[in-house]
Every structure is written in structure tokens, then in C-alpha cells.
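All values below were derived from every heavy atom in this structure, side-chain atoms included, with hydrogens, water molecules and symmetry-related copies excluded. Residues: numbered from 1 along the sequence shown.
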Amino acid sequence: MNSSLFLLPDNFYAQMLNPSFMRTDEGRIYAFPGMAGFTIRNTGNFRFTDFIYTSSSGDAVLDFNRILQNGEKRNAGSEYFDLPLFYMAVPIKKGMFSLYYREKIQNSLYFPSTALLWFEHGNSPELYRNYDIGDIDLRFLGTHELAAGITKKVNKKIKAGIRGKLVFGAAFIEANNWTYGIYTSEAGDEVLLTSGGSGRLAIKFPVKTLDESRINEIDFENPLKNYLGNFGSPGVAFDAGITWEPDKTNQYSVALNDFGFVLFGNNARKMYQDGSYLFTGMDISNVIVSREGGDYVAPLKLMMSTKENIRLVYRPFYTDTKIFSGLGPKLFLNYKHIYTETFTAGWSNQTIFQKGYFLNTFSINALYSPGCMSYVTGLSLYNLSSVTLGGGIQWTNRNSQLFVFTDNLLALYHPATQKSYSITFGMNLLLDQDISLLKKKRSVGNGRISSFRPFYKKHK
């Protein structure tokens with residue numbers, strides 16, 4: 001997530017990241033669909049412009065050879081999408097109760113550059129007469145998430161929070177060492193087609209199968225209906241966080257998110273492919289030999305059987321199963337130092353564990369907050385491979401809060417030229433009893449207006 005959010009514990013995105021964050025002014029937060037915004041994060045070791053460029057006519061053109069020249073031999077990418085549909089946080093005794101529902105997608109992909117040639121009209125250039133796309137690894141997990149949590153003040157220096165979550169798997173796709181090959185003979189009269197790899201699949205979309213327990217095709221009609229309406233795969237998870245303030249100027253916090261799993265029991269399949277077919281073309285002798293000849297095969301029948309054998313190379317076998325999928329835990333470590341009432345600086349480290357590897361982002365951030373405005377900026381280091389400059393703004397008025405943050409300002413102008421970026425924006429309502437009513441009920445001196453206008457905080 002955007003590193004600057006950890007400097008703003010009054011923001012509800014920050015509170016979803018760290019359950020120990022909460023408002024200190026007894027403010028109530030409500031966010032609704034369309035207002036709550038969304039978060040997108042992309043991390044990779046390649047740019048989309050490595051194989052997409054703009055022609056002289058202004059059209060986007062695919063050129064897979066560009067990534068062979070400009071990209072890495074082994075490419076990696078990861079995407080994260082978070083869409084809160086509802087968020088609520090209300091004060092309770094010495095703490096806060098929160099409730100939210102959101103959609104979340106996590107995706108990771110590894111592929112060699114040569115694999116892109118497979119998708120260029122289905123052909124391989126002469127240089128790759130014997131051609132193997134190499135191993136492709138893919139993991140896609142989409143979930144619906146309903147969460148409730150409590151944040152409490154343990155003492156004057158420590159706040160702690162925990163959140164329990166019901167998680168419903170919407171879609172799961174996994175491919176391990178997925179590969180295809182084309183191998184030609186020296187004489188040029190034979191072509192060997194091969195496929196290999198294993199995987200798992202759990203989607204609600206109709207899957208059309210063949211008699212040999214093979215997957216023929218997947219019908220992706222009505223995608224939103226089939227995705228959003230899939231609640232048949234339950235799971236559980238929890239988030240936990242703690243914030244320690246040893247004095248008025250220093251704050252340390254740690255949070256662990258998405259420690260849990262989803263069990264896909266419906267529409268779950270285990271897949272594998274290990275096919276091959278030696279294609280020799282049409283046997284001309286079968287056409288010219290007399291129909292009484294024992295080896296004669298009608299041309300149409302020969303063509304149809306050949307095409308079917310080729311198709312079967314690319315139709316994976318499947319068996320029904322149950323899929324246990326972890327959610328990919330996320331660890332957040334943060335520190336901030338309050339220099340003045342308007343200036344704060346700190347650092348954050350985010351680690352995401354996913355499919356046997358991890359993504360890490362280390363950031364140094366600064367916050368300037370005059371009045372109801374908050375301006376943030378920071379430098380982020382992604383996996384020791386790239387550095388980005390980020391920034392953002394938050395405006396808190398009487399009844400609402402609006403914000404937008406990014407860890408890569410250049411991505412707002414041209415995301416396709418950036419290897420790593422994240423964008424978060426949204427709006428929420430802030431509801432409290434009106435100050436004028438509070439003044440009527442209390443005499444002067446019983447309370448004061450906090451710096452988080454227009455909220456009213458009672459002091460003993």
C-alpha cells in the first residue's frame with residue numbers, strides 16, 4: 001500500500017492496514033461504494049512500454065520482439081487491487097469498533113521473455129525453429145472480505161487492535177511450470193507439439209469438458225455476475241496491530257494482515273497437461289491410392305482427426321478436488337517522529353509473502369499538515385531494484401475527508417513506463433454531534449475543540 005498512509009492514522013485506509021490505528025477525537029467514519037475509492041498496486045521488473053509503443057499514427061502497437069531486446073530474460077510482475085464497498089468506525093469505551101466489506105484481487109506472474117512469441121499470431125520466427133516457451137508460473141486470487149475489529153487503548157502509551165475476517169473465495173487460478181513446445185525435424189517434414197505443467201482452478205464460470213476428463217474451454221460470459229456472486233468457498237483470517245508511543249514525539253507500530261486461508265470446495269479442479277503429437281501433415285499417398293487400398297483414409301476424415309489430435313495437446317486433464325489457499329500475509333513496520341505540530345517524518349517497511357516469494361518496499365516519508373490540509377511525500381525502494389518518488393494530499397473538512405496518494409508521481413502521467421507504482425484515493429463522511437449543541441450542554445471550560453476541527457473532545 002502507499003507508504004505515506006502510515007503517517008495518517010485518522011485515514012480509514014490506514015486503519016484497514018493497521019488495526020491499532022484510530023481517530024483520537026471520537027469521530028465516526030462512514031465510507032460507501034463510489035466514495036471509498038480504491039487502491040491499485042503494480043510491482044514488476046519490466047515496463048509495459050518494453051513491448052507496447054505508439055506508432056507514428058498515434059496507435060498502440062504490440063511488438064513482442066522489443067521485450068526480447070529491452071526486457072529481462074525472466075520477467076516477474078505482481079498486481080494488487082482493493083475496492084472497499086463499505087467502511088464504518090465508531091467510538092467505544094477507550095477505543096473504536098470498525099466494520100467493513102471489500103473486494104480484493106491479488107495476482108502474480110513469472111514468465112520468460114521468449115514466451116511472448118507464442119502469442120504473436122501463434123507462430124515462431126525462423127530463429128526459433130525449435131521453440132519452447134519456458135516455464136510460466138501464475139497465481140490469481142480474488143476474494144470477498146467481511147471484517148470486524150476492535151481497537152483499544154491498553155495504557156497511555158500502547159494501543160492494540162485485532163480484526164477477524166470472513167473471507168469468501170471468488171476465483172482462484174494457479175499454473176506451475178506451464179509450458180508449450182514446437183520441435184521440427186531436420187528434414188522439415190515433421191513437427192512435434194508438446195505441453196506440460198500442473199495447476200489448480202476454482203471459478204464459477206461454466207467449464208466445458210471433453211469425455212476424457214479434459215477441459216475444453218471456459219465460458220467467460222457475464223463475468224461480474226459469476227465473480228461477484230460466488231460465495232461458495234469460505235475462509236477465515238485475522239489482522240493484528242500494536243502502536244507504541246513512548247513519548248509525545250515518537251511512535252512505533254507493527255501490523256500483520258491477511259493471516260488466514262480460503263477453502264475452495266465448489267467448482268475446484270486440479271489440472272495437469274503432459275501432451276504431445278507428432279504432426280506429419282496430410283499423407284498424400286492416402287489420397288491417390290485406390291479406395292480399395294487398406295491404408296486409404298478419406299482426406300476430410302484425415303484432416304479432422306489430425307486437427308483433433310493437435311487440439312488435445314492443449315486440453316489439460318482435470319480431477320475434482322478441494323483447494324486450500326493461503327491469503328498471502330503482509331507485515332508492516334512503521335516509525336514516525338513528530339518534530340512540530342505541522343511536520344512529521346518517518347519510515348515504513350512493507351513485506352508481502354506470496355506464492356513462495358516476497359515483495360518488499362522500504363519508504364522514507366514526510367508529512368506537512370497545516371490546518372485541515374495534509375501534504376505527504378516520500379521515497380520508496382522496491383525489492384532493491386527501483387526507487388520512486390511519491391506524494392499525496394488529504395483534505396479534512398467539517399463533514400468529510402478526501403484524499404489521494406501515490407508512491408510514484410510519474411505513474412499518474414504515464415503508468416506504462418513505470419515498473420512499480422501504487423495509487424489510492426477515496427472519500428468518507430465524518431459524523432459527530434454538532435459543536436454548537438455541545439456548547440449549549442456544557443459550560444465554558446469543560447472541554448475544548450481539538451486540532452482535528454470540527455470535532456469536540458472532552459477532558460477530565
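Put simply, the side chain of E174 never gets that close to the backbone of G199: no donor and acceptor are under 3.5 Å apart.
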Open item on the list: Set out, in order, the CA-CA distance, both residues' side-chain angles and the distance that settles side-chain hydrogen bond (donor to acceptor under 3.5 Å, both in side chains) for R315 and S213, then state yes or no.
Closed with: CA-CA 10 Å; R315 301 296 189 265; S213 297; over 6 Å; no
- [ ] Before giving the answer on side-chain hydrogen bond (donor to acceptor under 3.5 Å, both in side chains), spell out for Q106 and K330 the whole-Å C-alpha distance, their side-chain angles and the decisive distance to 0.1 Å.
- [x] CA-CA 12 Å; Q106 301 173 80; K330 302 165 184 63; 3.0 Å; yes
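A ring-centre distance under 6.0 Å is not found for Y30 and Y87. For F425 and F405, the ring centers are positioned 6.0 Å apart or more. Here F343 and Y368 keep their ring centres 6.0 angstrom or further from each other. Between F324 and F261, the distance separating the two ring centers is shorter than 6.0 angstrom. For F332 and F6, the ring centers sit closer than 6.0 Å to each other.
Between S380 and T388, some side-chain heavy-atom pair lies under the 4.5 Å cut-off.
Note that R41 lies outside the cation-pi zone of Y80, set by a 6.0 Å cut-off to the ring centre and a 45° limit from the axis.
Using cut-offs of 30° and 60° for the angle between ring planes, the Y335 and Y252 rings count as tilted.
A salt bridge links R23 to D10: at least one charged side-chain nitrogen sits closer than 4.0 Å to a carboxylate oxygen.
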